[in-house]
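Side chains included, hydrogens not; waters and symmetry mates left out as well; all remaining heavy atoms used. Chain letters run A, B, ... following the sequence lines, proteins first, then strands; residues in each count from 1.
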Number of protein chains: 2
Amino acid sequence: MGQRITTAQPSPVKITCNHCSLSNLCLPLALDDNDVNRLEDIVQQGQTFNRGALVFEQQAPFKSCFVVRSGAVKTSVITENGEEQVTGFFLPGEIVGLDSMSDDIYSCTAKALEYTSVCELPFSQLEHLATHIPTLQHHFFQLMSQEIKNSQQLSLLLSKNSAEERIASLLLSLSSRFKRRRLSPTHFNLPMSRSDIANYLGLAVETVSRVITRFQSQGLIKAQGREIQLLDIEALQAVTREFSKCRPT
Amino acid sequence: MGQRITTAQPSPVKITCNHCSLSNLCLPLALDDNDVNRLEDIVQQGQTFNRGALVFEQQAPFKSCFVVRSGAVKTSVITENGEEQVTGFFLPGEIVGLDSMSDDIYSCTAKALEYTSVCELPFSQLEHLATHIPTLQHHFFQLMSQEIKNSQQLSLLLSKNSAEERIASLLLSLSSRFKRRRLSPTHFNLPMSRSDIANYLGLAVETVSRVITRFQSQGLIKAQGREIQLLDIEALQAVTREFSKCRPT
DNA sequence: CGCAATCTTGAACACCCTCAAGCATGGTGG
DNA sequence: CCACCATGCTTGAGGGTGTTCAAGATTGCG
């Protein structure tokens, strides 16, 4: 499968968290200057991963969570049947590894979908710091709670919604996350393959392809490989709520 | 819908967490005696709820998490379409409300499925205590991480598995949770309706009914309304891994 | 330029849903 | 105490959405 070549050289210049372009998305968001400095002391910056490289692997000893700084990461688990199940996609400013804190091993594999840089948060040090900085603890509780909610949202999507609704939801989710990152919410490149999308959404690759084609012929989007333009966001939002249309009233 | 009569009278005798029958499942599990006493000071025991009563309601101000002491609780969210989506079932020793900590309001509704008693954990006090008791903080990180994992597990079930696999998985999950609670893992009453099961597993009620009937005729279980006996656990486990059978090798 | 991987398109089938009706169950009031 | 009704559960028939299988088109990279 993917190449496992990992370049783990620290970047020459250490950027402070305060001056990081993600400071309004990431942990500093919740901290004052003094506390950010203490956080900086434990954060390991500058690790980078080529496309296909593993940030961490399922079953390996759990050591750290990772904040995506640039690029994109996919998490997946290998089931008892040997099948891969994609559990999430992580964009800059988002934290990977929160699901592995209840065990001594990573509960999933995290793979870079493109050239990606991360900040490493060694968990035991982070935990120690959190007891001294209540707002950091509070922020982490919030992050984890949000992660539970996200995962519930996915379950909801999978259990109740049609293929079209699932794909429209994913596109809109990516759109709003790019927007937060100050990137275009209407014109972006998908970091993941059709196959990853299908796996994540519980669909066959063929279905993903068909739905994207259909959206395109309806004028909702323009898709050229991984390059996506959202042409009619309101219509896409309508698709995600489509099945209320069934009820007459 | 369900009656909302809530009896919130504290139980006459305050049982200490140390002497609670759940002390090996619940929070004291991770704490020493001294810390358990500090925990006890903030825990509000003895609230009870009749069948159908709401422990808390979606959108209400978030104040506390709740540990189920006896009975069972169902959580659900109302979607934009006005549909109900069941997000979880909680048995004694399990904590409800971890998904609401990232907001000021409850992100779901928690309803008692039968006569239920709970312990209330006021969140702000709990958070404060956690900064003073590192093992408590650690334990909460673990609980929340586990909750993320559980929810991912559900997504996996919903996205990849057939109706039979989903239902077998639920039965086995309940079985092992009853077992942990020192109840029979092979003979129990379902606290929830077929309709709740169907909703939770993303199936139609009819499908749930049919699969249970099929399991019965195959001699895997015996079902009489909500009374369930698991007759062949190994065969049920085989069902949950059924689809690896597709691959020849 | 050519091969491999990814993506698209088509046709047939399977699983599960919907609709519809019949059957238990249990709580309520006469 | 039993009839009654509401609710929940079961069973059957038909149809739709998405899967599977198969083949062709496109892309990307050596």
* Heavy-atom closest contact (T240(B) atom, N161(B) atom, distance) -> O-ND2, 4.3 Å
* Should E114(A) and R51(A) count as an ion pair when the cut-off is N to O under 4.0 Å? -> no
* Taking NZ, NE, NH1 and NH2 as the nitrogens, is one of them in E84(B) or K74(B) under 4.0 Å from a carboxylate oxygen of the other? ->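 Salt bridge flag = yes for K74(B) with E84(B).
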In whole Å, what is the span from the [atom1] atom of [X] to the [atom2] atom of [N]?
X: R210(A); N: dG10(C); atom1: CZ; atom2: C1'; answer: 7 Å
X: Q224(B); N: dC23(C); atom1: CD; atom2: P; answer: 18 Å
X: R166(B); N: dC15(C); atom1: CZ; atom2: P; answer: 13 Å
X: R51(B); N: dG26(C); atom1: CZ; atom2: C1'; answer: 10 Å
X: E206(B); N: dA20(C); atom1: CD; atom2: C1'; answer: 10 Å
X: R214(A); N: dT8(C); atom1: CZ; atom2: P; answer: 13 Å

* Kindly write out the residues that satisfy ring pair (Phe, Tyr, Trp, His ring centres under 6.0 Å) with F178(A), not counting sequence neighbours, or none if the list is empty. => F188(A)
* **salt bridge (charged side-chain N to carboxylate O under 4.0 Å, His left out) between E94(B) and R181(B), worked out** => CA-CA 10 Å; E94(B) 299 173 346; R181(B) 176 86 189 84; over 6 Å; no
* Asked: Are the ring centres of Y200(B) and F89(B) closer than 6.0 Å?
  ->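 Yes, the ring of Y200(B) comes within the 6.0 Å limit of the ring of F89(B), centre to centre.
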* Under 4.0 angstrom, heavy atoms only, what part of the nucleic acid is I212(B) near: base, sugar-phosphate, or nothing? -> nothing
* To do: Check each of K160(B), Q153(B), Q152(B) against Q85(A) using the side chain to side chain donor-acceptor pair (under 3.5 Å) test, and report the only one that passes.
  =>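 For Q85(A), the side chain to side chain donor-acceptor pair (under 3.5 Å) check succeeds only for K160(B).
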Quick one: which protein N/O atoms are closer than 3.5 Å to N/O atoms of nucleotides 4-7 of chain C? Pair and distance per line, please.
unit_1 : atom_1 : unit_2  : atom_2 : d
dC7(C) : OP1    : R194(A) : N      : 3.3
dC7(C) : OP2    : R194(A) : N      : 3.2

* Span of DNA chain D in contact with chain B (heavy atoms, under 4.0 Å) -> dC9(D) to dA13(D)
* To do: Step by step, work out the side-chain contact (heavy atoms from CB on, under 4.5 Å) result for K111(A) and V55(A).
  => CA-CA 6 Å; K111(A) 184 185 273 191; V55(A) 181; over 6 Å; no
